[in-house]
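Working notes, beginning with the structure itself.
The first residue in the sequence is number 1, and the count goes up from there.
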Amino acid sequence: MTYQLDQPAQPRRGRTARPVGTGSAPHFGSLPLGDPTGGSDGIRWREQVDGKQLYPRVAIDRDVVLTMSDGVRLRATVVRPANRFGQTVLTPYPAILNINPYNRVAIDALDHALHAPGLSKALQTASASMDGAGTGLEGLTTLTKTLSGGVLDVFGINRNLVRSGYVQVIVDVRGTGASQGKWQILGAREQADSVEIIDWMTEQDWCDGSVGLTGWSYSAINSLQAADKRLPAVKAVFAVEGCDDIVRDIYITGGMPSAFIPTWLSVVNLLKWLPNPSSPVRDVFRGDTARWLRDRLKSPATEITSLLWGFLTARDDRIFDDPYFDERDPVVDRIEAPTFTVGAWHDLFGRSATGVYERLQMEPGRKQMVVGDGYHVDVGSGYGGKFAPPRLDVLERAWFDRWLKGHRNGIEYYGPVTMLQQGGAWTSGPSFPRPGVVTQRLYLTDAPSGTADHATHDGSLSASPVDRMSSLTVHPDARGAVSRDMTQVTAGATMIFGRSFTADARFQERGGLSFTTAPVDESTTISGPMNLRLNVATTAHEAIWAVTVNDVAPDGTSTVLTNGALSASNRALDPSQSTYAADGSLLSAHHYLSRKRKLPVPADEPVRIDVDLVPTDAVLEPGHRLRVDVYAASFPRYLTVVPDLIKARGRRQRLVLDPRHPSHLTFCSGGSW
């Protein structure tokens with residue numbers, strides 16, 4: 001049979017629809033909508049990656065120099081197919097581009113480690129077989145399973161992909177690695193570099209004129225940026241944990257800086273001081289070493305001082321949503337090349353996988369989304385399992401084979417929306433949110449639920465608002481350092497310390513206000529965006545609010561499903577960018593987060609805030625409950641700049657439960673509450 005997508009999405013903004021899977025021959029196979037493994041097609045994709053390749057070896061040139069239009073020399077590695085004697089194959093093939101700032105020295109070291117004789121298969125086998133679920137080693141084995149999930153092939157040198165008939169180009173971002181110039185952190189000049197690199201690639205005799213863009217994290221963002229330029233040569237994108245709203249995802253979530261950013265900046269700034277060891281003598285004689293050192297001395301610690309100045313004074317524009325960020329966010333709705341996006345519900349860029357998919361202006365099939373239940377550094381963990389999606393290197397190969405080589409392999413019929421439902425299993429379906437969910441509203445009340453005696457206050461989530469006014473006080477504390485917030489901001493690293501950092505929020509809840517529903521009677525789906533409206537007051541002139549929405553098991557385990565935060569002075573909403581349900585309910589709040597849009601916070605006078613929560617997908621099993629936790633802080637996930645900290649000093653924050661201004665959670669669900 002020939003497969004067709006069920007009810008393909010209609011094109012928007014006047015664009016002409018392109019039929020999914022056009023080509024010279026129909027696709028035959030056994031891939032039903034709803035199978036996250038890919039069915040028999042998925043088996044064939046894996047066999048193509050793990051089986052014998054077209055060429056036995058690769059030839060790697062680690063000393064390629066690319067001169068940009070402004071004279072800056074970028075350094076690259078080019079990987080080409082080779083015969084059994086190591087001779088480079090002369091046949092032109094599609095080229096895959098990966099531009100990242102993490103220094104090709106690190107990528108080379110990873111390549112050598114993973115392809116040492118006998119080591120690669122041993123590492124993959126060992127990582128796939130280790131399973132510490134339910135033990136103190138659960139977090140550690142989740143991390144180690146990343147090795148067998150295929151993401152390192154997307155991040156670095158993918159020898160199997162090249163041996164199958166591709167050329168791979170890996171470039172150090174300007175100002176990082178061995179490349180000259182000043183690191184611009186995804187800025188306009190760096191984006192111009194991407195365009196020039198792609199043009200250079202298509203002019204080489206080893207490239208057949210088709211280019212694919214790939215990468216993990218920074219290089220995924222870079223790929224989305226390059227794709228929005230609509231270069232004719234770019235035929236496909238495979239972006240793992242990219243981002244399209246750097247401000248709201250990580251830089252200043254809810255108006256508060258993230259502890260991740262200074263840590264990450266420090267790592268990249270340190271890595272950029274490692275010289276290229278593959279051609280040290282040639283670099284000296286060509287003058288590259290001198291130019292490289294000159295550029296490093298001009299910008300020894302890019303943006304570290306400005307970030308520190310902004311944190312101490314709030315006088316740097318990068319502490320706010322500024323044109324600085326507008327220049328750097330990919331314009332996703334301009335992308336025309338087929339795009340596969342991969343994310344995780346608790347990734348640093350948690351909202352981006354669903355956001356990118358939603359904003360891509362193309363029919364499902366040409367766009368695909370896979371979202372797991374994990375963090376940033378463990379992406380791909382568990383992929384390739386019995387009921388899970390294929391490994392990331394398998395999906396990448398199938399995606400590029402389809403759109404760069406025209407193979408009728410069925411990848412466009414996969415998904416198009418594949419998600420690991422929190423509390424449930426992997427599923428594939430036609431859309432996110434899931435079909436059948438409707439807008440729901442639950443109100444925060446002070447009536448005890450009997451399930452959270454450990455919290456500062458045990459309240460209820462109810463279908464009806466309160467009928468009398470009350471005020472609940474909450475104080476900032478440091479319990480957020482042992483929480484899922486902490487694991488998210490460390491990109492997943494602290495998961496190795498146990499369930500309090502991943503699966504059980506009861507320690508953190510001791511410092512918060514908890515509001516819990518009655519147990520559900522049947523499996524209840526939650527899918528899509530959500531918003532928490534709170535009526536709050538503070539004794540100071542600034543307040544920090546952090547929120548989680550949790551699944552509470554019958555044994556009391558409280559697992560965070562999603563989170564959000566907002567500083568009270570940043571409560572101004574941009575209605576044109578916010579999302580509303582058909583009945584007018586606010587589902588996704590978009591705050592301005594700009595200097596001129598900050599609002600005064602009156603002392604001891606209640607104000608309304610809308611806390612934007614990361615979209616998610618979950619199922620509550622019978623006997624489970626839904627819980628909202630409200631905190632006065634979550635350090636270090638959300639930091640406070642010093643001027644705001646001074647305004648908030650000695651504060652007492654209050655949640656005011658007022659029948660005239662009810663606090664409530666708005667979300668999408670398939671059940672009745």
Side-chain angles (χ1 to χ4, degrees), residues 175 182-188 243 245-270 272 297-329 348 476-478 480-481 485 489-490 536 538-546 564-574 590-603 607 609 611-612 631-653:
K182 179 182 177 181
W183 184 32
Q184 223 189 24
I185 311 181
L186 298 166
C243 177
D245 192 338
I246 300 170
V247 168
R248 283 158 187 80
D249 270 348
I250 192 64
Y251 245 90
I252 49 172
T253 305
M256 291 168 285
S258 165
F260 173 79
I261 291 299
T263 304
W264 171 75
L265 281 173
S266 299
V267 169
V268 179
N269 273 297
L270 285 172
K272 77 181 188 182
L297 292 173
K298 285 181 178 178
S299 181
T302 306
E303 288 217 355
I304 293 291
T305 54
S306 62
L307 190 72
L308 179 61
W309 174 250
F311 183 79
L312 293 175
T313 67
R315 292 180 182 176
D316 190 284
D317 288 336
R318 281 156 286 196
I319 297 298
F320 305 96
D321 191 358
D322 182 78
Y324 172 90
F325 294 106
D326 294 338
E327 177 186 274
R328 286 160 170 78
D329 287 335
L348 293 163
D477 64 27
D485 280 347
V489 81
T490 58
V536 297
T538 178
T539 55
H541 293 286
E542 181 60 289
I544 294 90
W545 294 95
L566 185 69
S567 54
S569 62
N570 283 293
R571 64 189 183 276
L573 280 176
D574 180 354
H590 188 99
H591 300 94
Y592 287 105
L593 304 184
S594 63
R595 187 195 303 271
K596 65 181 180 180
R597 292 284 190 166
K598 287 176 77 76
L599 298 176
V601 180
V607 296
I609 65 172
V611 182
D612 180 30
Y631 302 99
S634 183
F635 176 86
R637 174 66 180 91
Y638 311 107
L639 303 179
T640 310
V641 296
V642 172
D644 286 347
L645 198 60
I646 293 171
K647 290 179 184 178
R649 69 187 185 279
R651 70 191 186 278
R652 293 198 311 275
Q653 292 182 205

Hey, can you pull the donor-acceptor pairs under 3.5 Å for the side chains in residues 309-317, sequence neighbours left out?
| residue | atom | partner | partner atom | Å |
| --- | --- | --- | --- | --- |
| Thr313 | OG1 | Trp309 | O | 2.7 |
| Thr313 | OG1 | Arg315 | N | 3.1 |
| Asp316 | OD1 | Arg318 | N | 2.8 |
| Asp316 | OD1 | Arg318 | NE | 2.9 |
| Asp316 | OD2 | Arg318 | NH2 | 3.1 |
| Asp317 | OD1 | Arg595 | NH2 | 3.2 |

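- Pairing each heavy atom of Asp321 with each of Tyr592, the nearest pair is CB-O, 3.4 Å.
- Applying the side chain to side chain contact (heavy atoms under 4.5 Å, CB included) test to Ala632 and every residue at least two apart in sequence or in another chain returns Val474, Pro476, Gln653.
- Side chain of Ser567 to main chain of Ser569: no donor-acceptor pair is present (N/O by atom type, distance under 3.5 Å, no hydrogens or angles).
- Annotation: side chain to side chain donor-acceptor pair (under 3.5 Å) contacts involving residues 255-269, sequence neighbours excluded, comprise Tyr102-Trp264, Asn269-Lys272.
- Every side chain to side chain contact (heavy atoms under 4.5 Å, CB included) that Leu599 has, sequence neighbours left out, goes to Arg571, Ala572.
- For the pair Ile250 and Ile261, the minimum side-chain heavy-atom distance is below 4.5 Å.
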Let me check something: any side-chain donor-acceptor pairs from residues 634-647 under 3.5 Å, sequence neighbours excluded? List them with distances.
| residue | atom | partner | partner atom | Å |
| --- | --- | --- | --- | --- |
| Ser634 | OG | Asp485 | OD2 | 2.6 |

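- Arg328 places a side-chain N or O within 3.5 Å of a backbone atom of Tyr324 that can act as its donor or acceptor partner.
- Closest approach of Pro262 and Ile304 over heavy atoms only: O-CD1, 4.3 Å.
- Between Ile252 atom CD1 and Phe320 atom CZ the span is 7.5 Å, to the nearest 0.5 Å.
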Apply the test side-chain contact (heavy atoms from CB on, under 4.5 Å) to residues Lys598 and Asn570: give CA-CA distance (whole Å), side-chain angles for both, the deciding distance (0.1 Å), then the verdict. CA-CA 5 Å; Lys598 287 176 77 76; Asn570 283 293; 3.5 Å; yes
Take Leu265 and Ile185, measure what side-chain contact (heavy atoms from CB on, under 4.5 Å) needs, and give me the verdict at the end. CA-CA 10 Å; Leu265 281 173; Ile185 311 181; 3.6 Å; yes
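- Scanning all heavy atoms of the two residues, the minimum distance from Arg651 to Ala633 falls at NH2-CB, 4.5 Å.
- Scored by the salt bridge (Lys or Arg N to Asp or Glu O under 4.0 Å) test, Asp329 finds no partners at all (sequence neighbours excluded).
- Considering every non-hydrogen atom in both Ile544 and Ala648, the closest pair reads CD1-CB, 4.4 Å.
- When all heavy atoms are compared, the tightest approach of Leu593 to Gly255 is CD2-N, 3.6 Å.
- In this structure, the side chain of Glu303 does not engage the main chain of Leu307 through any donor-acceptor pair within 3.5 Å.
- Judged by distance alone, with hydrogens and angles left aside, the side-chain atoms of Thr253 form no donor-acceptor pair with the main-chain N or O of Gly564 at under 3.5 Å.
- Separating the CZ atom in Arg597 from the CG atom in Asp574 is a distance of 7.5 Å, to the nearest 0.5 Å.
- What you find for Gly187 and Glu327 is that their closest heavy atoms are CA-OE2, 3.6 Å.
- Counting heavy atoms from C-beta outward, Leu573 and His591 have side chains that approach closer than 4.5 Å.
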List the steps and the verdict of side chain to side chain donor-acceptor pair (under 3.5 Å) for Arg248 and His590. CA-CA 9 Å; Arg248 283 158 187 80; His590 188 99; 3.2 Å; yes
